[in-house]
Amino acid sequence: MARALEPQRRLLAVYTGGTIGMRSEQGVLVPGSGLAAVLRSLPMFHDEEYARACGLPEDTLVLPPAIPDQRVIYTVLECQPLFDSSDMTITEWVQIAQTIERHYGQYDGFVVIHGTDTMAFAASVLSFVLENLQKTVILTGAQVPIHALWNDSRENLLGALLMAGQYVIPEVCLFFQNQLFRGNRVTKVDSRRFAAFCSPHLPPLAVMGTDVTINWELVRKARGKAQLVVHSSMERDVGLLRLYPGIPAALVRAFLQPPLKGVVMETFGSGNGPTKPDLLRELRAAAERGLIILNCSHCLQGAVTSDYAAGMAMAGAGIVSGFDMTSEAALAKLSYVLGHPGLTPDDRKEEADAIREALVPSLACAAAHAGDLEVLQALGDLGSDLSLESFNGQTPLHAAARGGQPGAVTMLLRRGVDVDPRDEDGLSPLLLAVKGRHRGVIELLRAAGACLSLQELEDAGTELCRLAARADLEGLQSWWQAGADLSSPGYDGRSALLVAEAAGNLEVVTFLQNLKGGAGVQAPGPATL
Ligand code: ASN
């Protein structure tokens, strides 16, 4: 009879193909079926004794114990047909999303086993198609098949299963070589080394080493109890055009013809391109027809700015900056925005304007975060509302505070934006500035009347103790400057001063004692709510 055992977390592993399960046929690698059977034969992927004791069905595998009192049980769903990911398209990625939707209630998390060649596109598309995720979705794959003696398949798949099985990271992620990345921030950078992916503008959400370190501050928070929504109406008529020195205007004209509705244009450096009049004329004409052109840089690092006369912003209306988006993410975003129901296909020009308007909040946030005053100014002058929220509920002021950009904060405050908006997670710009230790920004926000909320002040005690234990004087000073009471107790009732004394952090002790003896442990300034 089946034993009642420790709590179980159930995962669905959707196997779509890729090198991980490939076999050699006539000297070349082709997708291979039967991955579940291979996993069943490997003790690191299946504890047969437990499965039998538990009476698990045939198609269900169970990992050996990783942490006490919890087991990760998983079912491998093998897609038909299996793909080399070079053959995958938006159609297959929407089907994966629909599979997740169909099984959403039965499982606690999802792993998508995918080829690496287009995994960054897949992760980007899935991140837009799957809205309101409350559960972890992790894509993974490998550079060397699981049958090979020396391979990265086992480590990657096991890591993905453990991460999805043990943590709720409610977004589309990509796990590779011990790192968990945000799916729409990655790009494939190596076809041979095991470190195949990088995330040039966002640190990993988690790193697996001796311990698992999760960067919870970066992890998206689930929105209340909102239902999962699958956006299957992604626009297919989007393209990617890479500019190169001397690219003929005629070639660009041919590329930009209908039915193309949107194009990601990869430009040089910080968003520059040839300034030949005939080329610019083609771009302008296409934008006038209603084609959306999103400007992304060839470069891995750095964003699209308006620093140069050769900047594509100079080409005139219609070219939207993609800032620091990867081309993969930009293409997925275009496809999502253009496929969004409610935009009338008859009026291309109006539709284009509406789409540009829809892109404004995230563009303004990106500009505020990078301190790009020119772009912010330009957006403001065009009549864009600079207090609009982007996808995660953050306003440009949040972004400027997070990026430590006093110039952008000043500009936004002058334009009259709300000084204390809350994002989806209830965070304020002031709290983000405190976390980033951006003292100049804290000062500006305080002067404009920003206050930490009652909840933020209540939660501060434990954080203050943590900073005191680490001798993080700057962190403590930031909280003080923001109006926190530095004598607030942590979760165990001890104050930051007691913690600093116990840890022998003299500099911190002196700072806290001085506050106590002199100005008081609470900073002067606007009253805290
Ligand atoms: N061509 C393979 C694929 O993308 C490459 C891999 O998975 N490493 O399916």
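Atoms within each ligand, like the ligands themselves, are counted from 1 in listed order. Any value given below was found using the heavy atoms of this structure, including those in side chains, with hydrogens, waters and symmetry copies removed.
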*Might you work through the salt bridge (charged side-chain N to carboxylate O under 4.0 Å, His left out) test for Glu48 and Arg40, ending with a clear yes or no?*
CA-CA 8 Å; Glu48 181 58 32; Arg40 182 174 281 282; 3.4 Å; yes
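- Remark: ligand 1 and Ser85 share an N or O pair separated by less than 3.5 Å (distance only, no angle test).
- The closest protein non-hydrogen atom to atom 1 (N) of ligand 1 is Asp117 OD2, 2.7 Å.
- Note that CD of Glu217 and CG of Leu205 are 12.5 Å apart. Values are rounded to the nearest 0.5 Å.
- Here atom 2 (C) of ligand 1 lies nearest to Thr19 when heavy atoms of Leu29, Thr19, Ile113, Asp152 are compared.
- At least one N or O atom of Ala142 sits closer than 3.5 Å to an N or O atom of ligand 1.
- Judged by distance alone, the side chains of Arg236 and Thr91 do bring a donor and an acceptor atom under 3.5 Å apart.
- Between Phe121 and Trp93, the ring planes lie parallel to each other; the angle is under 30°, not in the 30° to 60° tilted range.
- In terms of N/O distances under 3.5 Å, ligand 1 is not approached by Thr118.
- Inspection of the His231 and Glu131 side chains reveals an N or O donor paired with an N or O acceptor under 3.5 Å.
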